[in-house]
Each structure stands twice: as structure tokens, then as C-alpha cells.
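FYI, side chains are in, hydrogens and waters are out, and symmetry mates aren't considered; it's all heavy atoms of this structure. Whatever order the structure lists them in is the order used to number ligands and atoms, beginning at 1. On a predicted model such as this, the values are computed, not experimentally measured, just so you know.
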Amino acid sequence: MRIFVAGASGVLGRAFVRRAVADGHEVVGMTRSARGAAAIIGLAAAAVRADAFDREAVMRVVGAARPDAVVHLLTDLASGDSASNARIRTEGTRNLIDAAKAAGVDRVIAESISWVYPPGTKPASEAEALDSFATEPRLTTIRGVTALEDSVREMPEGVVLRFGQLYGPGTWYAPDGLRADAARAGTLPATQTVTSFVHVEDAAEATLRALRWPARTWNIVDDEPAAATEWVPVFACAVGGPRPVVEAGGDIGRPVSNARARAEGWEMLYPSWRDGFSAR
Ligand SMILES: NC(=O)c1ccc[n+]([C@@H]2O[C@H](COP(=O)([O-])OP(=O)(O)OC[C@H]3O[C@@H](n4cnc5c(N)ncnc54)[C@H](OP(=O)(O)O)[C@@H]3O)[C@@H](O)[C@H]2O)c1
């Protein structure tokens, strides 16, 4: 298959491209920078330069790639600002979907997130509506995710992957990442908030398998959603931080169910963050 990957130079993008090339696919990866292009070429894929907000450029590079499928792994987290990430989900996705349509592509696989469900204790399935009653700044994120997912569903074969919090090499949870710094500084709060994680390699494997999965929405999270009271001490220990103080309060969060992807045969290297946090 010829696969066009937007966001190929990112943490998840690189892990996916490596797997796709190893699986025999031809990959064309999109990036804005020479550095990103070098990373993509280093994975035995072709690189093209375009900004997701430059509609003409996106139409041009997707058309020239003549792909069988488009994989959308664009995120904008550089500033840590939910508004810029929402913008790339809305405008960047719009451009990419229109380019895919113009290129006659049916299948688009897109990265979404799993922390979009209303708070609660029952594991959320993909059938549940998103948390549209959220307040800001979460509401901006929910609206961005809604725009992304609605655009993807315009495609004949639109696949939405709602990933848990990515951890592993290159992420915020790597030993040199933001969260590890916070854990070592003792500023990562061990609250009641429930999070679902997924290791970046398991997320990449799900993305590869999704090339052949039915066109629908999939929660891609590990088997063990957990309150921060449980995972922060394990994470702090893995990155050399002190035992955290348990704090009362925190949002309730929401456990997320991976039953649909598990039933489709998705297997993980790290079914739980308990083993994954300390994997090197
Ligand atoms: N995925 C999430 O929603 C999420 C949520 C919370 C935390 N995180 C953390 O974020 C980190 C990175 O995860 P990630 O792989 O999703 O993101 P990433 O490594 O930052 O990759 C982002 C990708 O999007 C591309 N991109 C961004 N803006 C673009 C634009 N305007 N035009 C074209 N390409 C653009 C980048 O390409 P170039 O820069 O090469 O152009 C890059 O390939 C991890 O540390 C993870 O822990 C992720």
C-alpha cells in the first residue's frame, strides 16, 4: 500500500512509519522542516515538506503522492496550548481531508484522543457522546476533537483512533520528558483523577492494523485505566522521583474501554503502564 503520513516526524509518526516500512508499505511522510525530513528519510520513507495550514501545499503534496491511504498524526503541542492543538485538529484536518478526497483516497486514519468522555466511573465505550458540556479550556479541546472526527467521517473509509495518554520514548513520560521532570520535582499530583494510557509502540501497532480495520471509531488504550493515586507512585519510582504525596480532589476523570480493539485482535507489548513505565 502507498501511505501518506501527515505528522510522520512526530513521536507516534516515527513509530508508525518504522512499522509500516517493515510491513512492506511505501510511505510518504509530511513535515515542515529539513530536520523532520531527515528523520523520515532515515526510516526508509520519502519525505515531503508542507505546512498543514497551507491548503494549496497540502493539496499538492497529497495529490503528488498518489496514496492508497492517508494517516493523520498531526498534533500541535509545542506551546502546550489547547487552542493551537484545536486549530490543527480543525483546519489542518479540513485541508488533509479535502486533499484526500481530491486525490481519490477512500481510507483516512486519524489520531484522536480518549480523554473526551464525560466524567464517570463506568468504562466509556466508543458509542458514548463526547463531553460537550465541558467548560473551558477543555471545551476548546472537545470542539477541536469533534471537528476532526466529523471531518474524518466524511470519508468512505474514515477511521478514528482515540488514543490514551501516550507514554514511552520521546513522550512527556520519557525519563527526559515534562512529566518525569515533574515527578522528580515532586510536583506531579497523585489525585483521584482516572487516566487511560497507551505505550507509543502499541499505539503505532494499532495504527498499522487500522489500515485493515472496519471504518469506525476505536478506543486505543491499555487494559488498566488508573487513578493518579495508583500510577503516579509507580511512574515516580520508574523515573527516579520521590514517593508522591497523595492529594485529595482532582477531576474524577473517566476509565476508557478497549474492548472493541481487543476483540479485533489488537495486542499490546505493554497491556499495563505498570510494566510499560519502566521499559527502556
Ligand atoms: N497526541 C496527543 O494528543 C498528546 C496529548 C498529550 C500529550 N502528548 C505528548 O505530546 C508529545 C508528542 O506526541 P505526538 O507524536 O502526538 O506529537 P509530536 O511528536 O509533537 O508530532 C507532531 C507532528 O505533527 C506535525 N505538525 C505539527 N504542526 C504541523 C503543521 N502546522 N504542519 C505540518 N505538520 C505539523 C509535526 O511535524 P513537523 O514539526 O516535523 O513539521 C510532527 O510530525 C508526546 O510527548 C506526548 O506525550 C500528546
Side-chain angles (χ1 to χ4, degrees), residues 4-18 27-43 45 47-62 70-96 99 109-116 137-138 140-142 144-145 148-149 160-183 188 195-204 206-207 219-221 235 239 256 273 276-277:
F4 184 94
V5 185
S9 57
V11 173
L12 179 55
R14 293 194 307 274
F16 169 71
V17 171
R18 195 176 295 113
V27 177
V28 178
M30 182 176 110
T31 174
R32 291 164 297 181
S33 71
R35 195 158 162 252
I40 294 166
I41 291 165
L43 297 170
V48 289
R49 301 269 294 274
D51 189 310
F53 297 120
D54 182 342
R55 189 177 167 81
E56 298 297 312
V58 174
M59 300 293 279
R60 191 173 60 246
V61 294
V62 174
V70 168
V71 175
H72 169 0
L73 304 175
L74 296 168
T75 57
D76 185 353
L77 298 155
S79 61
D81 169 10
S82 54
S84 53
N85 214 11
R87 182 175 171 230
I88 204 161
R89 286 184 174 127
T90 306
E91 293 177 36
T93 304
R94 185 69 265 154
N95 292 339
L96 204 52
I109 297 167
E111 172 182 5
S112 184
I113 53 175
S114 67
W115 52 98
V116 287
R138 178 169 163 79
T140 296
T141 297
I142 299 290
V145 167
L148 177 148
E149 295 191 352
V160 170
L161 301 178
R162 290 185 182 150
F163 293 112
Q165 290 281 341
L166 291 177
Y167 74 94
T171 71
W172 291 353
Y173 295 85
D176 60 352
L178 284 175
R179 296 278 191 264
D181 289 345
L188 192 60
T195 298
S196 290
F197 288 97
V198 65
H199 192 282
V200 69
E201 290 298 332
D202 291 323
T207 311
N219 288 334
I220 305 297
V221 298
F235 178 63
V239 297
V256 175
W273 46 268
F277 281 157

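Atom CG in Asp76 sits 10.0 Å away from atom CZ in Arg89 (nearest 0.5 Å). From Asn95, atom CG reaches atom CD of Glu56 across 9.5 Å, with rounding to the nearest 0.5 Å. Between the CG atom in Leu148 and the NE2 atom in His72 there is a gap of 4.5 Å [rounded to 0.5 Å]. The CH2 atom of Trp172 lies 5.5 Å from the CZ atom of Arg179; values are rounded to the nearest 0.5 Å.
For Trp172, a nitrogen or oxygen atom sits less than 3.5 Å from a nitrogen or oxygen atom of ligand 1, counting backbone and side chain alike. Looking at ligand 1, you'll find an N or O of Glu111 within less than 3.5 Å of one of its N or O atoms. Note: no N/O pair closer than 3.5 Å links Ile113 and ligand 1 by distance alone. Where the criterion is an N or O separation shorter than 3.5 Å, residue side chain and backbone included, Gln165 fails it with respect to ligand 1. Here's the thing with Leu12: one of its N/O atoms is less than 3.5 angstrom from an N/O atom of ligand 1. In terms of polar-atom proximity, Arg32 is counted as a contact of ligand 1, with an N or O under 3.5 Å from an N or O of the ligand. Close N/O approach between Ile88 and ligand 1 is not found [any backbone or side-chain N/O within under 3.5 Å]. Among the atoms of Thr31, some N or O lies under 3.5 angstrom from an N or O of ligand 1. Any N or O atom pair closer than 3.5 Å counts here, and Gly36 shares no such pair with ligand 1.
Tyr167 and Phe277 have perpendicular rings, their planes meeting at more than 60° on a 0 to 90° scale where under 30° would count as parallel.
Between Val198 and Leu166, some side-chain heavy-atom pair lies under the 4.5 Å cut-off.
Under the 3.5 Å distance criterion, the side-chain polar atoms of Ser114 are matched with a main-chain donor or acceptor of Phe163. Checked by atom type and distance alone, the side chain of Asn219 never pairs as donor or acceptor with a backbone atom of Val221 at under 3.5 Å. A donor-acceptor contact shorter than 3.5 Å is absent between the side chain of Arg49 and the backbone of Thr31. The main-chain N or O of Ser9 is found under 3.5 Å from a side-chain atom of Arg14 such that the two form a donor-acceptor pair.
Taking every heavy atom of Gly10 and a limit of under 4.0 angstrom, the matching atoms of ligand 1 come to 15 (O), 18 (P), 19 (O), 21 (O), 42 (C), 43 (O). The Gly170 neighbourhood of ligand 1 comprises atoms 45 (O), with distances under 4.0 Å to a heavy atom of that residue. Using a 4.0 Å cut-off to heavy atoms of Phe53, the atoms of ligand 1 that qualify are 31 (N). Atom numbering of ligand 1 starts at 1 in the shown order; those under 4.0 Å from a heavy atom of Ala50 are 33 (C). Against a heavy-atom cut-off of under 4.0 Å, Ser9 is close to the following atoms of ligand 1: 36 (C), 37 (O), 38 (P), 40 (O), 42 (C), 43 (O). Contact atoms of ligand 1 toward Ala52: 30 (C), 31 (N), 32 (N), 33 (C) (distance under 4.0 Å to a heavy atom of the residue).
Closest heavy-atom approach to atom 27 (C) of ligand 1 among the candidates Thr75, Val58, Leu77: Thr75. Among Phe163, Tyr167, Trp115, the residue whose heavy atom lies closest to atom 5 (C) of ligand 1 is Trp115.
Residue contacts with ligand 1 include Arg89, since one or more of its heavy atoms lies under 4.0 Å from the ligand. For the pair Ala6 and ligand 1, no heavy-atom separation below 4.0 Å is found. Using 4.0 Å as the threshold, Phe197 has no heavy atom nearer than that to any atom of ligand 1.
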Discussion item. Applying side chain to side chain contact (heavy atoms under 4.5 Å, CB included) to Val256 and Arg162, what does each step give before you reach the verdict?
Written reply: CA-CA 10 Å; Val256 175; Arg162 290 185 182 150; over 6 Å; no
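The closest side-chain donor-acceptor pair between Thr195 and Gln165, if any, does not fall under 3.5 angstrom.
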